[in-house]
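Worksheet: one structure, shown below.
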Amino acid sequence: MKGAFEATLVLFFGMLFVLMGMDYVGVQLINTQARALAENTIAILEHQNRYDESIQLLIDQNSIQCDECSLTISPHGLYPSRLWVVVEYPIYLAHISLQMKSEIRLLTRPLG
């Protein structure tokens with residue numbers, strides 16, 4: 001009887017930790033995709049040294065895609081030759097019922 005009770009406890013807590021681990025791996029994967037999208041966008045902008053419609057087309061055709069992310073490119077308030085690259089993405093942790101948005105903000109070097 002004691003062994004069955006201990007086995008039940010181990011299985012219950014073991015499965016709980018497996019579910020928590022899967023949630024955290026999912027968050028890490030979406031964070032990695034968002035970071036790759038932001039860094040690749042920065043690389044395209046800095047390589048072309050400008051931002052216009054043709055560069056936006058290059059960014060849209062980028063091989064790194066994140067379906068749940070939203071990419072925004074906007075000028076910096078104090079330095080108009082620099083651009084903010086903001087990628088927003090959702091975070092879901094089902095085991096604690098957490099749903100929130102996170103963002104990655106990167107700033108380009110001065111563009112031509």
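Count residues from 1 along the sequence.
The closest side-chain heavy-atom distance from Asn62 to Leu58 is not below 4.5 Å.
Apart from Leu57 itself, the hydrophobic cluster it occupies contains nothing, where clustering links Ile, Leu, Val, Met, Phe, Trp and Tyr at side-chain heavy-atom distances under 4.5 Å.
When atom types are taken as modelled, the side chain of Thr108 and the backbone of Leu83 share a donor-acceptor pair closer than 3.5 angstrom. One N or O on the side chain of Asp52 and one on the backbone of Ile55 form a donor-acceptor pair closer than 3.5 Å. Using a distance-only test at 3.5 Å, with no hydrogens or angles considered, no donor-acceptor pair links the side chain of Arg82 to the main chain of His76. The backbone N or O of Ala94 lies less than 3.5 Å from a partner atom in the side chain of Asp23, making a donor-acceptor pair.
No side-chain donor from either of Tyr89 and Glu103 sits under 3.5 Å from a side-chain acceptor of the other.
Atoms CG and OG, from Asn31 and Ser102 in turn, are 6.5 Å apart once rounded to the nearest 0.5 Å.
Legend: residues meeting salt bridge (Lys or Arg N to Asp or Glu O under 4.0 Å) with Arg109, ordered by chain and number and at least two apart, are Glu46.
Linking Ile, Leu, Val, Met, Phe, Trp and Tyr residues whenever their side-chain heavy atoms come within less than 4.5 Å leaves Leu106 and Tyr79 in two separate clusters.
Two rings, from Tyr24 and His95, have their centers less than 6.0 Å apart.
Within a 6.0 Å radius of CE in Met20, more than 12 heavy atoms belonging to other residues, nucleotides or ligands are found.
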